[in-house]
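Here is the structure we will look at, set down as structure tokens.
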Amino acid sequence: MSRPNPPRWLRWTLAGVAAALLCLMFGITTARADLSLGPHEATYAITADDEIVADLGPLGTVVTDSPLPLTLGVRITVHEIPADLAAVDAASFDALAGDLDGYLQFFDTPQQTIATVASALVWDALRGAAVAAVVLVGSAYGLRLLLGAARRRELARAVASRTWEITAAGVVVVLVAATATASAGPEERAALPASPVFAGTALEGARITGRLAGVIDTYSGQLVETYQANEVFYAGAREKLMAAWDARVAEQDAAAGEPEDTASTDPEATDYVTFLLVSDLHCNTGMTPLIRDLADRVAPDVMLNAGDTTINGTSVESVCVDSFASAVPDGVPFVVSDGNHDSRLTTATELANRQVVLDGEVVEVDGVRILGDRDPLETRIGGGTVVAREETPAEAGERLRDTACEAAGEAGLGGYTGEDRVDLLLIHQPAVGDAALESGCVPFQISGHMHTRIGPDVVGYGVRYVNASTGGATKGNTSVGPLRDTSEMTVLRFDPERRRFVDWQLVEVTPEGEAAVSERQAIPPTVPLPDEVPDLAPDGGPDAGPTPSPSPSGN
């Protein structure tokens with residue numbers, strides 16, 4: 001007795017499911033992502049062997065269990081590794097040891113690397129599946145036209161009687177194809193003992209093959225000791241920072257009932273716009289948890305970054321940008337002015353993280369008008385500093401001045417009113433803002449670059465504040481690992497009614513792991529513009545303090 005043919009709807013459903021699975025399998029098994037692993041560029045590819053395999057060519061592999069669902073794994077092909085063993089000499093090993101900072105960044109925030117890689121592979125898999133679906137549908141439609149109606153009916157009758165056999169064959173093909181994508185030799189690698197070197201780190205349980213085992217034996221002690229010291233330092237500093245902030249808040253709350261002599265210390269001024277400022281992070285991702293915790297405590301309306309998020313602006317440093325972006329509370333704008341150690345690649349990663357990257361135009365964020373641009377210079381370790389744009393820093397400063405004055409609707413100072421001007425100039429190098437401050441078209445400037453705090457000082461007709469390195473970098477050096485210099489972040493408040501920054505508060509973490517939070521300090525009043533009525537304090541009188549005279553030199 002012959003089996004009845006399945007109904008037409010079931011046949012089409014099975015065909016659709018099979019096609020979707022085939023396209024999805026193609027997308028998954030061909031997914032690729034060119035990202036980074038520590039200090040190296042690397043290509044990530046999905047496999048079906050349930051392992052994460054880092055392929056270092058002739059040096060060997062590092063293998064660990066895969067956290068991916070089903071039996072999916074990832075093969076990582078690390079670039080910049082010598083092509084053959086003859087090229088692997090002592091100099092090569094020294095170069096690997098010199099990448100310690102880059103490896104430390106990976107160990108310090110492995111979850112950020114994993115999240116970035118996973119997102120990139122998922123999107124590439126979906127793109128591959130979509131391409132496969134388009135090709136499959138197009139091929140089916142073309143075949144349909146070639147066969148004609150009569151031949152299609154004949155084939156449909158033949159296929160209908162073999163529906164279950166064809167379905168079983170499709171399942172077998174999918175399983176065989178998935179097995180073929182597995183990396184070679186998983187059984188042999190699984191038999192290897194876990195390396196004790198990685199105990200207590202993100203790679204605990206990893207197995208090492210080939211000559212790499214000798215390299216790990218030579219340098220792993222230094223790396224793991226540095227990693228552990230890093231973990232201990234930042235865990236302690238994080239605890240001290242939260243204690244210092246909570247103590248300062250308690251003091252401010254206790255003083256809330258006392259009379260205040262200036263608006264800058266008024267605890268009832270809840271309508272202020274609060275900013276949290278960082279600068280010169282230089283890929284020190286050890287600071288990410290501290291920035292995140294401070295941001296949670298401060299609850300800023302806007303976060304600012306005065307540039308130099310990376311060290312060399314390379315693609316492998318995108319993980320640093322991603323790490324710092326993870327410290328920003330959900331829904332809080334993060335406004336960035338890229339520095340001379342950043343690059344277009346840095347900007348692209350910032351934009352991918354939905355940051356507001358300043359590009360020479362005025363933007364309004366939470367009611368505050370902000371102007372800024374990327375630094376006109378580019379500095380690369382070992383390569384010096386070059387002009388990256390078709391203008392010098394002085395020319396960039398003049399362009400920003402003109403933009404600020406144009407936004408105010410005035411070419412000069414005559415008839416100009418402070419209510420119309422840009423509220424904040426955010427640029428990396430302080431000197432680039434000289435022209436804008438001296439024109440009177442910008443009342444307040446924030447910068448970084450100097451790796452030391454300067455101000456707030458009256459410059460021209462405005463005020464300038466230079467934030468020190470949040471990454472704890474000394475001038476001419478970067479800081480990855482425990483801080484080499486004091487890390488600084490600044491909390492600033494802006495009065496939207498008087499359209500001026502009113503106070504600032506310094507947050508410090510020292511190389512000894514101690515933390516301090518200053519009292520709120522009033523920002524000095526600016527020099528009144530010609531024919532402009534001086535700003536009034538809440539009691540109706542002029543702002544307290546002497547009126548400084550403008551300095552042609554900007555200092």
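One is the number of the first residue; the rest follow in order along the sequence. Just so you know, these numbers use all the heavy atoms, side chains as well, and skip hydrogens, waters and symmetry mates.
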Per side chain to side chain contact (heavy atoms under 4.5 Å, CB included), Ser279 is matched among Leu426, Asn467, Ile446, Thr309 by Asn467
Taking only residues two or more places apart in sequence, or in another chain, which ones meet Phe275 in a ring-ring contact (aromatic ring centres under 6.0 Å, His included)?
Phe501
Approximate separation, where rounding is to 0.5 Å, of Glu378 CD and Asn340 CG
8.5 Å
I'd like to know if the side chain of Asn284 and the backbone of Leu281 have a donor-acceptor N/O pair within less than 3.5 Å.
no
Quick check: are there more than 12 heavy atoms from other residues, nucleotides or ligands sitting under 6.0 Å from CD of Glu251?
yes
Start with the C-alpha gap between Leu290 and Val509, add the side-chain angles, then the distance that decides, and say whether side chain to side chain contact (heavy atoms under 4.5 Å, CB included) holds.
CA-CA 9 Å; Leu290 283 75; Val509 180; 4.0 Å; yes
Heavy atoms only: give me the nearest Gly360-Leu400 pair and the separation to one decimal.
CA-CD2, 4.4 Å
So Thr486 and Pro511, do their side chains get closer than 4.5 Å, heavy atoms only?
yes
Exam field: side chain His341 to backbone Asn312, donor-acceptor pair closer than 3.5 Å:
no
Write down the atom of Asp503, the atom of Arg493, and the distance for their closest heavy-atom approach.
OD2-NH2, 2.8 Å
For Asp375, all residues meeting salt bridge (charged side-chain N to carboxylate O under 4.0 Å, His left out), sequence neighbours excluded
none
Distance-only, no hydrogens or angles: does the Asp342 side chain make a donor-acceptor pair with backbone N or O of Asp308 under 3.5 Å?
yes
For Ala244 and Ala515, work out which heavy atoms get closest and say how close.
CB-O, 3.8 Å
side-chain hydrogen bond (donor to acceptor under 3.5 Å, both in side chains) partner of Thr510, the single match among Glu514, Glu508, Glu512:
Glu512
Minimum heavy-atom separation for Leu294 and Leu241, please, with both atom names.
CB-CD2, 4.5 Å
List in chain and number order the residues that pass ring-ring contact (aromatic ring centres under 6.0 Å, His included) with Trp504, two or more places apart in sequence or in another chain; answer none if no residue qualifies.
Tyr465
Under 3.5 Å, side chain of Asp423 to main-chain N/O of Ile370, donor-acceptor pair present?
no
Using a 4.5 Å cut-off on heavy atoms from C-beta on, say whether the side chain of Val422 contacts that of Thr403.
no
Side-chain (Gln445) to main-chain (Pro430) donor-acceptor, under 3.5 angstrom
yes
Using only atom types and a distance under 3.5 Å, with no angle test, would you say the side chain of Gln505 pairs donor to acceptor with the backbone of Ser518?
yes
Whether the side chain of Thr310 engages the backbone of His282 through a donor-acceptor N/O pair (distance < 3.5 Å, no angle test) should be reported.
no
Can you name the closest pair of heavy atoms from Val466 and Gly448 and give their distance?
CG1-O, 3.5 Å
Which pair of heavy atoms, one from Val362 and one from Ala407, lies closest together, and at what distance?
CG2-CB, 4.1 Å
From Met303 CE over to Gln355 CD, what is the distance, rounded to the nearest 0.5 angstrom?
9.5 Å
Main chain of Asp280, side chain of Ser469: is a donor-acceptor contact present, judged purely on distance under 3.5 Å?
yes
Checking Val502 against Arg520 for the side chain to side chain contact (heavy atoms under 4.5 Å, CB included) test, could you report, in this order, the C-alpha distance in whole Å, the side-chain angles of both residues, the deciding distance, and whether it holds?
CA-CA 10 Å; Val502 293; Arg520 289 177 182 149; over 6 Å; no
Do Arg238 and Asp293 have side chains that get closer than 4.5 Å, going by heavy atoms?
yes
Does some side-chain heavy atom of His451 sit less than 4.5 Å from a side-chain heavy atom of Asp485?
no
So do the side chains of Val336 and Asp338 get within less than 4.5 Å of each other, counting heavy atoms only?
yes
So, does Asp495 use its side chain to make a donor-acceptor pair with the main chain of Arg500 at under 3.5 Å?
no
Got a second to check how far Arg292's CZ is from Ser323's OG, nearest 0.5 Å?
7.0 Å
For the backbone of Gly471 and the side chain of Ser487, can you confirm whether one donor and one acceptor N or O come within less than 3.5 Å of each other?
no
Can you find a pair of side-chain heavy atoms, one from Asp373 and one from Arg399, that are under 4.5 Å apart?
yes
Quick check for you: to the nearest 0.5 Å, what is the distance between Asp301 atom CG and Leu276 atom CG?
11.0 Å
So Val298 and Trp245, side chain to side chain contact (heavy atoms under 4.5 Å, CB included) or not? Walk me through it.
CA-CA 9 Å; Val298 173; Trp245 178 264; 3.6 Å; yes
Rounding to 0.5 Å, atoms CZ (Arg498) and OH (Tyr272) come to a distance of 6.0 Å
Separation between CG (Asp359) and OG1 (Thr347), nearest 0.5 Å, reads 9.5 Å
Just wondering, do Thr470 and Ile291 contact through their side chains at under 4.5 Å, heavy atoms?
yes
Please assess Leu345 against Thr349 for the test side chain to side chain contact (heavy atoms under 4.5 Å, CB included), listing each intermediate value before the final yes or no.
CA-CA 6 Å; Leu345 292 173; Thr349 308; 5.6 Å; no
salt_bridge(Asp434, Arg401) N-O dist < 4.0 Å
no
Do the side chains of Pro456 and Gln521 get nearer than 4.5 Å, heavy atoms only?
no
